[in-house]
S.K.: 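Please find one structure pasted underneath; my questions will follow.
Keep in mind it's a predicted model, so treat the numbers as computed, not measured.
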Amino acid sequence: MKYACFSLKINSEWYHVCIFYHTFKQTILKEKTFGVEKFSYDAFEERVHIRLLLDQDNHTTYRDTLLLYKEGIAYQIFRHNQTCEKVHFKDPWKPMEIPRDAKFQSQVIIGSLSAPAEGLLVNNWSGTMAEPHDDYLLTFTEFGCLPVHAWWYNIEDQTLLSFFDMVLGVEDPEVFNPPSFCDKAQPGNDAALTSFFDALI
């Protein structure tokens with residue numbers, strides 16, 4: 001993960017914002033789906049770029065999606081034939097952080113503290129999203145407050161994310177700009193992409 005975090009103090013309250021690249025595994029248990037993604041995230045400008053290799057029902061596909069929250073636009077990018085689908089995107093911005101109303105559950109060690117470098121100290125949090133009303137369990141590191149696991153679930157399905165390969169820095173800001181062959185794309189088929197989770201799966 002290429003990662004950079006900043007702390008800002010506004011009206012006596014501290015806010016943490018991040019810009020980072022990362023790769024994570026995703027498993028959707030109900031649909032028997034497994035994916036590996038490269039995920040670029042810009043909290044300042046509210047932009048997300050997701051490149052997904054997805055195995056669903058023994059069929060492998062590749063997806064490339066750019067979400068521009070401030071503009072209310074998303075691009076589904078098809079690099080093999082240099083075409084794009086552009087859609088209106090109204091999903092509220094979801095910062096990658098521990099929600100303010102999350103409840104602290106426990107502090108645990110992933111691995112062991114019996115010897116140096118054998119374990120990772122993490123904190124577990126739980127709560128319910130405002131919209132949609134999914135419950136969640138989050139695991140963040142004690143030092144650096146980096147995401148390790150995230151689990152969203154409801155009565156119908158569940159999504160589990162694991163984060164790995166975190167490295168400080170932003171490699172290429174151009175990853176948040178649509179490629180030039182998307183310039184002539186016109187908005188349409190808005191129902192195809194309505195939330196961040198649609199881009200993930």
Side-chain angles (χ1 to χ4, degrees), residues 1-11 13-24 26 28 35 37-52 63-77 84-103 125-141 144-154 157-163 166 169-178 182 185 187-201:
M1 175 191 267
K2 307 297 184 182
Y3 191 100
C5 278
F6 306 87
S7 297
L8 302 174
K9 194 173 185 180
I10 303 175
N11 296 329
E13 292 194 45
W14 284 98
Y15 296 84
H16 301 279
V17 292
C18 302
I19 302 175
F20 57 78
Y21 288 60
H22 70 72
T23 304
F24 63 78
Q26 173 187 257
I28 303 155
E37 304 190 349
K38 293 192 71 174
F39 182 101
S40 308
Y41 171 96
D42 178 357
F44 286 115
E45 297 298 330
E46 300 183 1
R47 302 178 294 185
V48 177
H49 191 173
I50 302 168
R51 283 142 294 176
L52 167 63
R63 298 184 188 176
D64 189 340
T65 306
L66 177 63
L67 309 176
L68 305 177
Y69 283 81
K70 287 186 176 180
E71 292 85 346
I73 291 293
Y75 292 89
Q76 293 184 303
I77 303 166
C84 285
E85 290 181 3
K86 182 178 180 180
V87 299
H88 294 290
F89 186 71
K90 303 302 181 184
D91 193 36
W93 172 248
K94 295 179 178 64
M96 192 162 293
E97 62 186 14
I98 301 168
R100 292 191 176 197
D101 58 352
K103 296 179 181 179
W125 305 82
S126 68
T128 302
M129 296 173 61
E131 186 178 346
H133 300 293
D134 290 349
D135 294 321
Y136 61 80
L137 293 173
L138 306 174
T139 301
F140 279 70
T141 60
C145 201
L146 305 178
V148 178
H149 299 297
W151 182 28
W152 293 272
Y153 59 96
N154 56 42
D157 60 12
Q158 51 190 318
T159 300
L160 174 65
L161 307 182
S162 298
F163 302 82
M166 300 184 184
V170 176
E171 190 172 66
D172 181 14
E174 288 299 313
V175 74
F176 296 113
N177 296 323
C182 292
N189 194 21
D190 294 356
L193 192 64
T194 60
S195 74
F196 171 75
F197 292 103
D198 289 337
L200 289 178
I201 60 177

S.K.: In this structure, are over 12 heavy atoms from other groups packed under 6.0 Å from Lys103 atom NZ?
M.R.: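 Atom NZ in Lys103 is not crowded, with 12 or fewer foreign heavy atoms closer than 6.0 Å.
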S.K.: Which pair of non-hydrogen atoms, one from Val148 and one from Thr141, has the smallest distance, and what is that distance?
M.R.: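 Scanning both residues, the minimum pair turns out to be CG2-CG2, 3.6 Å.
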S.K.: Which heavy atom in Leu138 sits nearest to a heavy atom in Glu97, and how many Å separate them?
M.R.: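 Nearest pair, atom of Leu138 first, then Glu97: CD1-O, 4.2 Å.
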S.K.: How far does CD of Gln76 sit from CZ of Arg63, to the nearest 0.5 angstrom?
M.R.: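 Interatomic distance, Gln76 CD to Arg63 CZ, rounded to 0.5 Å: 8.0 Å.
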S.K.: Can you tell if the side chain of Tyr69 reaches within under 4.5 Å of the side chain of Val48, non-hydrogen atoms only?
M.R.: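 In contact.
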S.K.: How far does CD1 of Ile73 sit from SG of Cys182, to the nearest 0.5 angstrom?
M.R.: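 These two atoms lie 12.0 Å from each other.
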S.K.: What's the spacing between Ser40 OG and Arg51 CZ if we round to 0.5 Å?
M.R.: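 The CZ atom of Arg51 is 4.0 Å from OG of Ser40, to the nearest 0.5 Å.
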S.K.: Quick check: closest heavy atoms across His149 and Phe163, and the distance to 0.1 Å?
M.R.: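 Smallest interatomic distance, heavy atoms only, reads N-CD1, 4.1 Å.
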S.K.: Which value, rounded to the nearest 0.5 Å, describes the distance between His49 atom NE2 and Lys38 atom NZ?
M.R.: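 So the gap between those two atoms works out to 10.0 Å.
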S.K.: Quick check for you: to the nearest 0.5 Å, what is the distance between Tyr153 atom OH and Tyr136 atom OH?
M.R.: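 One finds 10.0 Å between OH of Tyr153 and OH of Tyr136.
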S.K.: Mind listing the closest non-hydrogen atom pair of Asn177 and Leu66 along with its distance?
M.R.: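 Where Asn177 meets Leu66 most closely, the heavy atoms are C-CD2, 3.8 Å.
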S.K.: Could you check Phe176 against Leu68 for side chain to side chain contact (heavy atoms under 4.5 Å, CB included), going step by step and ending with a plain yes or no?
M.R.: CA-CA 8 Å; Phe176 296 113; Leu68 305 177; 5.5 Å; no
S.K.: Do you know which two heavy atoms are closest between Gly72 and Lys90, and how far apart they sit?
M.R.: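 Residues Gly72 and Lys90, closest heavy atoms: O-NZ, 4.4 Å.
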S.K.: Do you know which of Ile77, Leu52, Ile50 makes side chain to side chain contact (heavy atoms under 4.5 Å, CB included) with Asp64?
M.R.: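 Among Ile77, Leu52, Ile50, the one that satisfies the side chain to side chain contact (heavy atoms under 4.5 Å, CB included) with Asp64 is Ile77.
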S.K.: Starting at CG of Leu67, measure out to OH of Tyr75 and round the result to the nearest 0.5 Å.
M.R.: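 So the gap between those two atoms works out to 12.0 Å.
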S.K.: Considering non-hydrogen atoms only, spot the tightest contact between Phe140 and Cys145 and give its length.
M.R.: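 That would be CD2-O, 3.3 Å.
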